[in-house]
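The block underneath contains the structure these notes are about, expressed in structure tokens.
As the structure is a prediction and not an experimental result, all values here were calculated from the model. What's counted below: heavy atoms across the whole structure, side chains too, no hydrogens, waters or symmetry copies.
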Amino acid sequence: MGTTSFLTKAQGLLRIRNQLVRECLAELLATFVMMTITLSSAAQKIAFLDTKGNIITSYLGGALGVMAGIYTAGGISGAHMNPAFSLAMCLIEQFPWWKFPIFVVVQIVGSFISAGAVYILYYDAIWHYSNGTLTVSGPQETASIFATYPADFVSVANGFLDQVIGTGVLIVVVMGIMDPRNKPVPKGLEPVVVALLVLSIECSMGANCGCPLNPARDIGPRLFTYLAGWGPEVFRWVEGRGRGG
């Protein structure tokens, strides 16, 4: 009886009553979950020389990370996890404009924290693979564990178009999934369908730029690598900067 009373009081004290704070914390957690799975799959592929993962496991990790994030907080914040999706929701008047900058900041912070978590998780592997030097280019670069970089031959214009088309396909199809006038997805399976959509885009449009499709997915981890020792080169476009560059 006493234990039950104590737990009830503790729940009452810890309960967050402000709706905006609840939504922000849920969005932060969803983004963190998505990005931790996504970046960890990339870390396994790169830092272990493709012996513990490959391009397929990396793509699957990214898609399943999206699914996990939606299941984590979809009923509280909507699990946007992507400023592009939040913007689209604002444009169709399904999300208030005043919340948009707040969610963008939360999404970037969630991605930044997840980059730190993955760096700690794979700290020994990253430093062993890189021979003690954190680089953005060359055969032993590790920056692409965290952020995406274009292929050596991709121009700025082509990279920009790549992301416009890829993100556009993502948003249009997600909106179609959400539209009750279309063929409905079985209730509770929406995150699975979105994950399959992300996987299809990764498999078909991932070669040019690594398929970020999400400003927060790229900005947060890129900022982390800048602060963690990779330096300002993470923000520069350099021709031929890839593994052979």
Side-chain angles (χ1 to χ4, degrees), residues 19-35 37-38 59 62-112 114 147-148 157-206 208-223:
Q19 183 62 27
L20 178 61
V21 174
R22 287 166 61 90
E23 290 178 3
C24 287
L25 289 176
E27 188 71 10
L28 180 73
L29 181 60
T31 307
F32 175 82
V33 168
M34 175 190 73
M35 289 301 302
I37 295 173
T38 299
Y59 284 166
L64 295 175
V66 171
M67 181 188 72
I70 298 173
Y71 275 126
T72 298
I76 303 171
S77 69
H80 296 188
M81 303 180 293
N82 186 338
F85 181 73
S86 297
L87 177 62
M89 293 293 284
C90 289
L91 291 173
I92 64 172
E93 299 181 345
Q94 295 295 312
F95 190 68
W97 280 100
W98 66 268
K99 282 186 180 180
F100 174 67
I102 299 173
F103 263 48
V104 170
V105 171
V106 169
Q107 291 157 2
I108 292 174
V109 170
S111 294
F112 181 92
S114 72
T148 57
N158 195 177
F160 176 78
L161 183 62
D162 175 89
Q163 287 309 293
V164 169
I165 294 174
T167 305
V169 170
L170 174 67
I171 298 301
V172 167
V173 179
V174 170
M175 292 298 180
I177 294 170
M178 295 171 55
D179 192 337
R181 296 169 295 181
N182 285 334
K183 290 185 178 180
V185 175
K187 188 173 178 59
L189 291 180
E190 296 90 345
V192 178
V193 176
V194 173
L196 290 173
L197 167 63
V198 172
L199 180 61
S200 71
I201 296 174
E202 288 176 323
C203 290
S204 59
M205 305 181 200
N208 280 339
C209 298
C211 206
L213 306 175
N214 181 343
R217 178 259 177 273
D218 197 77
I219 294 172
R222 194 179 298 275
L223 181 60

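Considering every non-hydrogen atom in both Ala30 and Ala79, the closest pair reads CB-CB, 4.3 Å. Across every non-hydrogen atom of Met205 and Ile165, the tightest pair is SD-CG2, 4.3 Å. Of all heavy-atom pairs spanning Phe112 and Gly220, the tightest one is CD1-O, 3.4 Å. Ala68 and Val33 get closest at one heavy-atom pair: CB-CG1, 3.8 Å. Minimum interatomic distance between Gly188 and Tyr71 (heavy atoms only, all atoms of both residues): O-OH, 2.6 Å. Of all the heavy atoms in Pro83 and Pro215, the pair that sits closest is CD-CD, 4.0 Å.
Atom-to-atom distance recorded for Glu202:CD and Cys211:SG is 5.5 Å, nearest 0.5 angstrom. Distance CE/Met178 to CE/Met89: 4.0 Å, rounded to 0.5 Å. Note that OG1 of Thr72 and CG of Leu29 are 5.5 Å apart. Values are rounded to the nearest 0.5 Å. Atoms SG and CD1, from Cys24 and Ile102 in turn, are 6.0 Å apart once rounded to the nearest 0.5 Å. Taken from OG in Ser114 to CG in Leu28, the straight-line distance is 9.5 Å, to the nearest 0.5 Å. Here Asn214 contributes atom CG and Met81 contributes atom CE; the two are 8.5 Å apart, rounded to the nearest 0.5 Å.
With hydrogens and angles disregarded, no donor-acceptor distance shorter than 3.5 Å links the side chain of Thr38 to the backbone of Met35. Within the 3.5 Å criterion, the main-chain N or O of Ile201 finds no donor-acceptor partner in the side chain of Tyr59. With Glu27 contributing its side chain and Gln107 its backbone, the two residues share no donor-acceptor pair below 3.5 Å. For Arg222 (side chain) and Thr148 (main-chain N/O), a donor-acceptor pair under 3.5 Å exists by modelled atom type. In this structure, Asn208 contributes its side chain and Asn158 its backbone to no donor-acceptor pair below 3.5 Å.
At a threshold of 4.5 Å between non-hydrogen side-chain atoms, the residues Thr31 and Val106 do not count as touching. Between Met175 and Phe85, the closest side-chain pair of non-hydrogen atoms falls below 4.5 Å. Between Leu196 and Ser200 the shortest side-chain heavy-atom distance does not fall below 4.5 Å.
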- request: Would you please test Val194 and Met67 for side-chain contact (heavy atoms from CB on, under 4.5 Å) and show each step?
  value: CA-CA 7 Å; Val194 173; Met67 181 188 72; over 6 Å; no

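For Gln19, the CD atom counts as densely surrounded, since its 6.0 Å shell holds more than 12 non-hydrogen atoms of other residues, nucleotides or ligands.
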